[in-house]
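Working notes, structure below.
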Amino acid sequence: MRLRVLGACGAWPDAGQACSGYLLEHEGFRLVVDLGYATVPQLLRHVTAEQVDAVFISHGHPDHCADLNPLLRARALRDDPPAPLPVYALPGALDAVLALDRPGMLAGAYELREVTDGGAFDVGPFHARTRLLPHSVPNAGVRLAAGGRVLAYTGDSGPSPDVVELARGADVLLAEATHVDEVPEGSRRHLSSARQAGRQAAAAGVGRLLLTHLWPGTDPAAARAAAAEEYDGEVAVAATDLVLDLR
């Protein structure tokens, strides 16, 4: 399983960067997990729009799903459109982004497949399991297994025992870490810090921790250091074009 980071900014993209988006490849199958602002230009540097086999969206905030629109346009508006793209998301999560164009314009470009809390399903060679994690809107964390390796991804989530259960024994935990240490009081139920991500990675016994969704302007070294005080394993910070091979 190969993970390529398309973008990792939280809330909005820094100059030359993109928000949350990840390309997972295994046995020639290409699964995109989240498509936040500015991720499609990054994606198209590596694959064409019609080469994407499926998309999973964790939740409906635009820094995680806004670029689903240009991806669907790039597939629908060509002379020889490919088959509808399977798009996995919670019920209603994509209503706003799918309504950006005139009714019916993109209808043949996608096939919406709703996921549920605790659901299990196959996406090509990937076996997926979802778990609702605390955020300001419904948010589905996902555990993806392929080739004997496991990646767990939180989407956006406040600290929760459910994060630990989702990530239990995973090779990589891709964890939202918007803040370095202290999460502002109004966001403590909905977002996490790098320190909290480190604590949960340790509790879950994961092989590696990859921090993502840092607030623009955050010092990646500070985030990594905070997580490393709680977790003894390898800690890295996601950035555009980072590639991890899970072997």
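Quick caveat, the model's predicted, so the values are computed rather than measured.
- With hydrogens and angles ignored, the 3.5 Å screen pairs a side-chain donor or acceptor of Gln51 with a backbone N or O of Thr48.
- At distances below 3.5 Å, at least one donor-acceptor pair connects side-chain atoms of Asp171 with backbone N or O atoms of Val150.
- Ring centroids of Phe121 and Tyr88 are separated by less than 6.0 Å, placing the two rings close together.
- Side-chain atoms of Thr39 and Gln42 form no donor-acceptor pair, as typed in the model, at a separation below 3.5 Å.
- Taking 4.5 Å as the limit, every side-chain heavy atom of Thr178 sits out of range of all side-chain heavy atoms of Val183.
- Checking side-chain atoms of Asp117 against main-chain N and O of Leu132 turns up a donor-acceptor pair under 3.5 Å.
- The two residues Ala177 and Leu211 have their closest heavy-atom pair at CB-CD2, 4.0 Å.
- The number of heavy atoms from other shown groups lying within 6.0 Å of CG (Asp232) does not exceed 12.
- The main-chain N or O of Val206 is found under 3.5 Å from a side-chain atom of Tyr231 such that the two form a donor-acceptor pair.
- One side chain, His213 or Asp63, offers a donor N or O that lies under 3.5 Å from an acceptor on the other.
- Heavy atoms only, all atoms of each residue included: Ala226 and Val180 are closest at CB-O, 3.6 Å.
- In this structure the side chain of Cys65 never reaches within 4.5 angstrom of the side chain of His59, judged on heavy atoms.
- How far OG of Ser136 is from CG of Leu191: 7.0 Å, rounded to the nearest 0.5 Å.
- At a threshold of 4.5 Å between side-chain heavy atoms, the hydrophobic network of Ile, Leu, Val, Met, Phe, Trp and Tyr places Leu242 and Leu173 in two separate groups.
- Using modelled atom types, one side-chain atom of Asn139 and one backbone atom of Thr154 make a donor-acceptor pair closer than 3.5 Å.
- Looking at heavy atoms from C-beta onward, Thr116 lies out of side-chain contact with Leu90 at the 4.5 angstrom threshold.
- Of all non-hydrogen atoms in Leu209 and Ala227, the two that sit nearest each other are CD2-CB, 4.0 Å.
- Under 4.0 Å is where a charged nitrogen must lie from a carboxylate oxygen, and between Glu230 and Arg195 at least one such pair does.
- The hydrophobic cluster containing Val243 does not contain Leu246, counting ILVMFWY residues as joined when their side-chain heavy atoms lie under 4.5 angstrom apart, directly or transitively.
- Counting only N and O atoms by type, the side chains of Asp156 and His190 include no donor and acceptor under 3.5 Å apart.
- Counting heavy atoms of neighbouring residues, nucleotides and ligands inside a 6.0 Å radius, atom CG of Asp80 exceeds 12 of them.
- A donor-acceptor contact shorter than 3.5 Å is absent between the side chain of Asp14 and the backbone of Pro216.
- Partners of Pro82 by side-chain contact (heavy atoms from CB on, under 4.5 Å), not counting sequence neighbours, listed by chain and number: Glu50, Arg75, Arg78.
- Using a 4.5 Å heavy-atom threshold, the side chains of His26 and Phe126 count as touching.
- Between Leu71 and Leu85, the closest side-chain pair of non-hydrogen atoms falls below 4.5 Å.
- Val115 and Leu133 fall into different hydrophobic clusters, defined by Ile, Leu, Val, Met, Phe, Trp and Tyr side-chain heavy atoms under 4.5 Å apart, directly or through other members.
- Hydrophobic clustering (ILVMFWY, side-chain heavy atoms < 4.5 Å, transitive): Leu77 and Leu68 are in one cluster.
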task = Evaluate salt bridge (charged side-chain N to carboxylate O under 4.0 Å, His left out) for Glu234 paired with Arg208, printing each intermediate quantity in order.
result = CA-CA 5 Å; Glu234 181 181 343; Arg208 183 184 305 179; 3.6 Å; yes

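- Looking at heavy atoms from C-beta onward, Val137 lies in side-chain contact with His61 at the 4.5 angstrom threshold.
- When all heavy atoms of Arg30 and Leu23 are compared, the pair lying nearest together is CB-CD1, 4.0 Å.
- Looking at every heavy atom in both residues, Ala223 comes nearest to Ala194 through O-CB, 3.3 Å.
- Here the closest heavy-atom approach between residue Ala146 and residue Pro125 is recorded as CB-O, 3.7 Å.
- Between Glu165 and Arg168 there is a salt bridge, since at least one side-chain N of the basic residue sits less than 4.0 Å from a carboxylate O of the acidic one.
- Side-chain atoms of Ser58 and Asp34 include a donor-acceptor pair closer than 3.5 Å.
- Remark: Leu106 CG to Asn69 CG distance equals 6.0 Å, nearest 0.5 Å.
- Atom CG of residue Leu166 and atom CZ of residue Arg143 lie 7.0 Å apart, to the nearest 0.5 angstrom.
- Using a 4.5 Å heavy-atom threshold, the side chains of Leu244 and Leu151 count as separate.
- Taking 4.5 Å as the limit, some side-chain heavy atom of Leu174 sits within range of a side-chain heavy atom of Tyr22.
- Looking at residues two or more places apart in sequence or on another chain, you find a side-chain contact (heavy atoms from CB on, under 4.5 Å) between Ser192 and Pro159, Glu176, Gln196.
- Donor-acceptor pairing under 3.5 Å is lacking for the side chains of Tyr37 and Ser20.
- Classification of the Trp12-Trp215 ring pair by plane angle, with boundaries at 30° and 60°, yields perpendicular.
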